[in-house]
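To start, the structure itself, in structure tokens.
It should be emphasised that the depicted structure is a prediction, and the values quoted were computed from it without experimental measurement.
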Amino acid sequence: SGPKDGRAIVLVHGFSVPSFIYDPTFEFLVNSGFRVLRYDLIGRGYSDKPRARYDIHLFVNQLKGLLDALEMTKVDLVGLSMGAPVTAAFIEIYPRYVRRHVLIDPSGAKRVRLSRLLEAAKLPLVGELFIGLFGSDGMLKGIASDFFDPELVEIFQAKYKIQMQYKGFKRAILATMRNRMLESFLDTYLKIGILKKPTLIFWGENDKTTPFEDHKLLLQALPHAEFHPIKNCSHIPHYEKTEIVNPILLEFLSR
């Protein structure tokens with residue numbers, strides 16, 4: 001959405017919550033005059049859920065194919081959580097496509113820490129059994145941990161449940177875990193750090209999914225980045241603290 005001659009912004013979501021995670025950001029940027037694109041990663045939301053290798057190459061190729069189909073050759077990329085390694089890997093391969101890079105509570109500075117149960121779920125058959133028996137409740141509880149304000153959880157979970165009715169969603173989530181999408185992508189961040197593309201980073205100080213302390217490692221890889229810690233906020237500051245994040249985001253993208 002947004003004016004066809006507006007500067008192009010592409011929003012890439014994270015591990016399991018599809019593009020509605022960007023509702024407030026999308027509306028704000030469109031109203032600010034940008035041409036804004038958001039989409040569901042393969043295996044999430046309304047996108048297809050094929051039996052495939054859900055690795056970084058799949059998600060980078062999806063983004064490249066989408067931009068080419070829409071003839072978008074110069075964009076600003078925004079990556080949330082697991083979307084950050086996707087956007088970083090895209091920049092590494094296709095640097096000419098990207099002007100600016102925004103990271104929101106990015107994963108990949110370190111390996112995402114999983115419970116013993118989730119680590120066991122990576123094993124053949126064990127994961128399928130676990131996802132079948134406990135997957136729905138576990139995913140909904142995991143969503144709750146992304147919030148600092150508990151009052152927002154119920155509304156968010158209701159939106160999340162929609163995609164859970166589609167065949168292949170849980171299989172895609174499991175395949176994503178098994179194909180190293182929650183591992184470290186520090187080498188990728190180091191490589192794009194050399195390019196010194198204008199970079200903006202937001203990070204909730206109360207984040208438990210991608211711990212706030214991981215920002216130190218990421219800033220070593222991206223020393224040129226502008227960094228904004230967000231107080232009283234967990235994993236999705238752009239959603240919980242729009243009054244703080246949006247003005248900073250607008251100023252950065254308008255330079």
Which word best sums up how the rings of [X] and [Y] line up, parallel for under 30°, tilted for 30 to 60°, or perpendicular for over 60°?
{"X": "His13", "Y": "Tyr39", "value": "tilted"}
{"X": "Phe90", "Y": "Tyr97", "value": "perpendicular"}
{"X": "Phe59", "Y": "Tyr54", "value": "tilted"}

Side-chain heavy-atom pair [X], [Y] within 4.5 angstrom cut-off:
{"X": "Ser47", "Y": "Gln62", "result": "yes"}
{"X": "His101", "Y": "Ile91", "result": "yes"}
{"X": "Leu77", "Y": "Leu63", "result": "yes"}
{"X": "Thr87", "Y": "Val102", "result": "no"}

Steps toward side chain to side chain contact (heavy atoms under 4.5 Å, CB included) verdict (Val10, Asp76):
CA-CA 6 Å; Val10 181; Asp76 294 338; over 6 Å; no
Kindly determine whether Thr242 and Thr25 satisfy side chain to side chain contact (heavy atoms under 4.5 Å, CB included), including the steps that lead there.
CA-CA 8 Å; Thr242 56; Thr25 309; over 6 Å; no
Do the side-chain N and O atoms of [X] and [Y] include a donor-acceptor pair separated by under 3.5 angstrom?
{"X": "Ser19", "Y": "Asp40", "result": "yes"}
{"X": "Ser32", "Y": "Arg7", "result": "no"}
{"X": "Ser16", "Y": "Tyr160", "result": "yes"}
{"X": "His228", "Y": "Glu226", "result": "yes"}
{"X": "Asp146", "Y": "Thr209", "result": "yes"}

Do NZ/NE/NH1/NH2 and the carboxylate oxygens of Arg38 and Asp23 come within less than 4.0 Å?
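Yes, this pair counts.
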Would you call Asp68 and Lys64 a salt bridge, using N to O less than 4.0 angstrom?
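Yes.
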[X] with [Y], same ILVMFWY side-chain cluster at under 4.5 Å:
{"X": "Phe28", "Y": "Leu103", "answer": "yes"}
{"X": "Ile9", "Y": "Leu70", "answer": "yes"}
{"X": "Leu217", "Y": "Ile104", "answer": "no"}
{"X": "Tyr166", "Y": "Leu58", "answer": "no"}
{"X": "Leu41", "Y": "Tyr46", "answer": "no"}

Among Tyr22, Trp203, Phe26, which residue meets the ring-ring contact (aromatic ring centres under 6.0 Å, His included) test with His238?
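Filter result, single survivor: Tyr22.
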Determine the minimum heavy-atom distance between [X] and [Y], stating which atoms define it.
{"X": "Pro237", "Y": "Gly204", "result": "CG-N, 4.2 Å"}
{"X": "Val60", "Y": "Ala89", "result": "CG2-CB, 3.7 Å"}
{"X": "Thr210", "Y": "Asp105", "result": "OG1-O, 3.3 Å"}
{"X": "Ala225", "Y": "Leu219", "result": "CB-CD2, 4.3 Å"}
{"X": "Asp214", "Y": "Lys110", "result": "OD1-CD, 3.5 Å"}
{"X": "Met82", "Y": "Pro85", "result": "O-CD, 3.0 Å"}

Which distance, rounded to the nearest 0.5 Å, do you find between the NZ of Lys216 and the CD of Gln220?
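Here the rounded value is 10.0 Å.
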Is a side-chain N or O of Ser81 found less than 3.5 angstrom from the main chain of Gly83, in a donor-acceptor match?
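Flag not set: sc Ser81 to bb Gly83 has no pair under 3.5 Å.
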Report the C-alpha distance between Phe202 and Phe227 in whole Å, list the side-chain angles of each, state the deciding distance to 0.1 Å, and finish with yes or no for ring-ring contact (aromatic ring centres under 6.0 Å, His included).
CA-CA 6 Å; Phe202 296 104; Phe227 178 66; 9.2 Å; no
